[in-house]
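Below is one structure, written out as structure tokens; comments come after it.
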Protein chains: 2
Amino acid sequence: MKKHVIIVAGGKGLRMGGEIPKQFLPVGGKPVLMRTMEAFHAYDSTIHIILVLPVSQQAYWKELCTSYGFALSHDIADGGETRFHSVRNGLALVEGEGLVGVHDGVRPFVSQEVIAGCYAEAVHKKAVIPVIDVVETVRHLTDAGSETVPRNFYKLVQTPQVFDISLLKEAYRQEYTEAFTDDASVVEARGHEVCLVPGNRENIKLTTPFDLKVAEALL
Amino acid sequence: MKKHVIIVAGGKGLRMGGEIPKQFLPVGGKPVLMRTMEAFHAYDSTIHIILVLPVSQQAYWKELCTSYGFALSHDIADGGETRFHSVRNGLALVEGEGLVGVHDGVRPFVSQEVIAGCYAEAVHKKAVIPVIDVVETVRHLTDAGSETVPRNFYKLVQTPQVFDISLLKEAYRQEYTEAFTDDASVVEARGHEVCLVPGNRENIKLTTPFDLKVAEALL
């Protein structure tokens, strides 16, 4: 079954406080985004990789590929106004039947087991996302203040979120709403159930300087 | 105003997979617990520190103190069956009026700002906990499956949780229920509102080998 992955790297990196968008920052001497793409290539060397990047960053990315000798074949789609629009642009480059994953460009530490598990389960379930337990106590903000809620009823969602291509394409024909925080929420809004599989704890999203320290430690 | 802190170190460390309970594992060459206690001493050198440890670990702890030359003055209380019982045992060593914090022994990276903020706010609010934003998408498990919930309505709870001594003592006279996952939930069950203040992202709870890697990176 043909497999695709859309790597979403729309981040402008403002939260890092630096000039360089976070997906380009080097971790262990190599830009985050290259490590992320390599994880999918290691899973399946025939997977079709689509990288979604803001137009303004594409020239810089190509320079980076040259200077790092990064030869992994991939297509590039234009980043959109929100994550939803970015994914939709990436999806336009996916053709035929099969499975398509959507993965955050700044999650280089996804394990091979998690990638394989998501794609394998998606063959039958058509919509699969990796989740992990919440370690901390969770509080829910209410009109009156806040309340403790039982944390075993909550999960934190990671990527790759993997879908049947037709299902995801149909879901992305919907009009955008702010409730679309990830691909699963888009698919659910079309009435399709989402299957949860175990993620890996190291599969963190690198969004702050703190995360970069953690990333260096993981290598 | 007199300040106390109860450092709870009841962990048997099973999740670490090793023989040594996690609170004793060295981070940057020093047991986690010593780093945690030093954070409170650095905040206020007159703070009364109460360490809650399982009886079976107390002799080992004293040996560790000797071998590391750890001279920070503290009382020791016996660990109980659950966190609730451990905190209650620690509270028995707190006398008079003032403020008492309860802190996880395996959170050595709490910032000075967070400690100071919690105690300062507790003077008036009487029940204060530090919280941080959820970075990931949050899913809520339901009878039917699961659903995405808006993550800006959820916060992750850290420690120290700081209280007016009388209020916390009264709350801990309640009978234990499994809903008591932290001290805030015990106080709320008595009908007292809890005030949220910002935590610090580095203030992670060291519970798995992954966290230890992160801890080494933070030093």
Side-chain angles (χ1 to χ4, degrees), chain A residues 15 104 107 109 129 131-132 134-142 144-159 161 178-189 193-196 199-219, chain B residues 15 104 107 109 129 131-132 134-142 144-159 161 178-189 193-196 199-219:
Chain A
R15 275 192 283 183
D104 296 325
R107 287 194 195 263
F109 299 116
I129 64 174
V131 298
I132 56 169
V134 186
V135 176
E136 323 265 345
T137 293
V138 180
R139 281 190 87 81
H140 180 223
L141 305 185
T142 60
S146 65
E147 62 188 1
T148 300
V149 290
R151 71 174 165 210
N152 47 324
F153 284 101
Y154 291 86
K155 297 281 181 181
L156 300 178
V157 179
Q158 303 183 332
T159 67
Q161 306 197 346
E178 284 187 3
F180 293 160
T181 54
D182 64 351
D183 310 290
S185 54
V186 180
V187 165
E188 280 177 317
E193 206 177 312
V194 171
C195 169
L196 311 186
N200 64 298
R201 189 111 191 269
E202 295 80 6
N203 185 16
I204 55 170
K205 196 170 172 178
L206 306 181
T207 47
T208 66
F210 169 67
D211 300 323
L212 281 186
K213 285 192 213 170
V214 173
E216 291 291 346
L218 285 171
L219 285 171
Chain B
R15 275 192 282 184
D104 296 326
R107 287 194 196 263
F109 300 117
I129 64 174
V131 299
I132 56 168
V134 186
V135 177
E136 323 264 346
T137 292
V138 180
R139 281 191 87 81
H140 180 224
L141 305 185
T142 60
S146 65
E147 62 188 2
T148 300
V149 290
R151 70 175 166 208
N152 46 322
F153 285 100
Y154 292 86
K155 297 281 182 184
L156 300 178
V157 179
Q158 303 182 333
T159 67
Q161 305 196 347
E178 283 187 2
F180 293 159
T181 55
D182 63 353
D183 310 289
S185 54
V186 180
V187 165
E188 280 177 318
E193 206 175 312
V194 171
C195 170
L196 311 186
N200 64 299
R201 188 111 192 270
E202 296 78 7
N203 185 17
I204 55 170
K205 195 170 171 178
L206 305 181
T207 47
T208 67
F210 169 67
D211 301 322
L212 282 187
K213 285 192 212 171
V214 173
E216 290 292 346
L218 285 172
L219 286 171

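None of the values given here were measured: they were computed from a predicted structure. Lettering follows sequence order; numbering is per chain, from 1.
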Please check if the number of heavy atoms outside B/E147 that lie under 6.0 Å from its CD is greater than 12.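 Check passes, neighbour count above 12.
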
B/E193 atom CD, neighbour heavy-atom count above 12 within 6.0 Å: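 No, because the 6.0 Å sphere around CD of B/E193 holds 12 heavy atoms or fewer from other groups.
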
Between B/A215 and chain A, with a heavy-atom cut-off of 4.5 Å, which part of the residue counts as in contact: side chain, backbone, both or neither?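 Contact with chain A is absent: no heavy atom of B/A215 under 4.5 Å.
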
Please classify the contact between B/I132 and chain A as side chain, backbone, both or neither, with a heavy-atom cut-off of under 4.5 Å.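 Answer is neither: B/I132 stays 4.5 Å or more from chain A.
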
Approximate separation, where rounding is to 0.5 Å, of A/T181 OG1 and B/R151 CZ: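 That separation rounds to 6.5 Å.
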
Find the one option among A/K213, A/E202, A/R139 whose heavy-atom pairs under 4.5 Å with chain B are most numerous.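 Among the listed options, the one with the most contacts to chain B is A/R139.
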
What's the shortest heavy-atom distance between A/V157 and B/E136, and which atoms?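 Shortest heavy-atom separation between A/V157 and B/E136 comes out as O-OE1, 2.9 Å.
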
[X] vs [Y] side-chain heavy atoms within contact, under 4.5 Å:
X: B/L141; Y: A/L196; answer: yes
X: A/T137; Y: B/Q161; answer: no
X: B/V149; Y: A/H140; answer: no
X: B/R201; Y: A/D211; answer: yes

List the steps, then state whether side chain to side chain contact (heavy atoms under 4.5 Å, CB included) holds for A/V138 with B/L156. CA-CA 5 Å; A/V138 180; B/L156 300 178; 4.3 Å; yes

Check against side chain to side chain contact (heavy atoms under 4.5 Å, CB included), A/F210 and B/V214: CA-CA 10 Å; A/F210 169 67; B/V214 173; 4.3 Å; yes

In terms of heavy-atom proximity below 4.5 Å to chain B, should A/N152 be classed as side chain, backbone, both, or neither? backbone

